[in-house]
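FYI, side chains are in, hydrogens and waters are out, and symmetry mates aren't considered; it's all heavy atoms of this structure.
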Amino acid sequence: MAIHNICVFCGSNSGLDPKYAAKTVALGQYLAENDYQLVYGGGDHGLMGKVATATLDAGGRVIGIIPRFLVERGLALKNVTTFIETKTMNERKEKMLHLADAFIVLPGGFGTFEEFLQMLSWSQMDIHQKPIALYNIDGFYDPMVTMMKMSTKMGFAPTENLNLFIDGKTLPEIFTGFQTFKHVLPPKYTN
């Protein structure tokens, strides 16, 4: 499957270490320079605002998808290529799933974790077959990966489900992973 639109999930805060913002800006520039369109949550704060602004500043295209209640709070970046306002958070995620060919998950908070785990769960249920990559900057997602491995070790998920996402420390690892990704649906119930 060809990848044109990449959905990025990330924090609406920038984090305390400036490396997260720097890597986010580099990702936005990379997307623009390699003719990928960014799909993201439509916000203007934190890493969300940085990835969108960096993509636009480098000549790229950006689809921002944001629920109305966040627009009303003044949190939207409206000068994107395509601006989509939704009624609910769930409608936002469904539109992101529909428009994206692949997902990259940057560091973030609880909402970012939820978005990653929902897309991973939907992949496990064969609702989609799109690659998902954790951008595991300086091991940010190591504890989550350890927890998922524990889940498979304890028989709550098939070991093969660990292949439904890419644990990438660098952009080349992520994009190589996208090129070689194969969605394999293991049996859901293993014991």
Going by side-chain hydrogen bond (donor to acceptor under 3.5 Å, both in side chains), name the residues that satisfy it together with [X], two or more places apart in sequence or in a different chain.
| X | value |
| --- | --- |
| Gln129 | Asp126 |
| Gln118 | Lys93 |
| Asp142 | Asn136, Lys169 |

Does the side chain of [X] reach to within under 4.5 Å of the side chain of [Y], using non-hydrogen atoms?
| X | Y | value |
| --- | --- | --- |
| Ile132 | Leu164 | no |
| Met148 | Leu162 | yes |
| Tyr135 | Leu171 | yes |
| Leu134 | Phe9 | no |
| Ile6 | Leu31 | yes |
| Val39 | Val8 | no |
| Phe69 | Met89 | yes |
| Gln37 | Val62 | no |

Can you tell me how far [atom2] of [Y] sits from [atom1] of [X], rounded to the nearest 0.5 angstrom?
| X | Y | atom1 | atom2 | value |
| --- | --- | --- | --- | --- |
| Thr86 | Lys95 | OG1 | NZ | 8.0 Å |
| Glu72 | Leu70 | CD | CG | 9.5 Å |
| Thr112 | Leu117 | OG1 | CG | 11.0 Å |
| Cys7 | Ile65 | SG | CD1 | 7.0 Å |
| Lys23 | Ile137 | NZ | CD1 | 6.5 Å |
| Thr88 | Glu91 | OG1 | CD | 5.0 Å |

Taking [Y] as the starting point, is it possible to reach [X] by hopping between hydrophobic residues whose side chains are less than 4.5 Å apart?
| X | Y | answer |
| --- | --- | --- |
| Phe181 | Met125 | no |
| Val145 | Ile166 | yes |
| Val25 | Tyr40 | no |
| Leu185 | Trp122 | no |

By ring pair (Phe, Tyr, Trp, His ring centres under 6.0 Å), Phe175 pairs with (sequence neighbours left out) Tyr30, Tyr36, Phe178

Partners of Phe165 by ring pair (Phe, Tyr, Trp, His ring centres under 6.0 Å), sequence neighbours excluded?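 Phe165 satisfies ring pair (Phe, Tyr, Trp, His ring centres under 6.0 Å) with Phe116 once adjacent residues are dropped.
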
For atom NZ of Lys78, decide whether the heavy atoms of other residues, nucleotides or ligands shown that lie under 6.0 angstrom number more than 12.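 For Lys78, atom NZ is not crowded (no more than 12 foreign heavy atoms under 6.0 Å).
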
Looking at [Y], is its backbone amide N or carbonyl O close enough to the side chain of [X] to form a donor-acceptor pair, meaning the two atoms are under 3.5 Å apart?
| X | Y | answer |
| --- | --- | --- |
| Asp17 | Lys19 | yes |
| Thr81 | Ile63 | no |
| Arg92 | Gly41 | yes |
| Tyr141 | Leu106 | yes |
| Thr176 | Pro172 | yes |
| His128 | Met119 | yes |
| Glu114 | Phe110 | no |

Side-chain donor/acceptor pairs under 3.5 Å, residues 96-105, sequence neighbours excluded:
| residue | atom | partner | partner atom | Å |
| --- | --- | --- | --- | --- |
| Asp101 | OD2 | His4 | N | 2.8 |
| Asp101 | OD2 | Asn5 | N | 2.8 |

Tell me the closest heavy-atom pair linking [X] and [Y], and the distance in Å.
| X | Y | answer |
| --- | --- | --- |
| Phe140 | Gly108 | CZ-O, 3.5 Å |
| Gly74 | His45 | O-CE1, 4.4 Å |
| Leu47 | Cys10 | C-SG, 3.7 Å |
| Val71 | Ala76 | CG2-CB, 4.1 Å |
| Ala133 | Ile174 | CB-CG2, 3.7 Å |
| Leu16 | Pro18 | O-CD, 3.6 Å |

Can Lys130 and Ser123 be said to form a side-chain contact (heavy atoms from CB on, under 4.5 Å), step by step? CA-CA 7 Å; Lys130 301 171 182 182; Ser123 178; over 6 Å; no

Arg61 and Val80: CA distance, side-chain angles, deciding distance, side-chain contact (heavy atoms from CB on, under 4.5 Å) verdict: CA-CA 7 Å; Arg61 298 173 321 280; Val80 294; over 6 Å; no

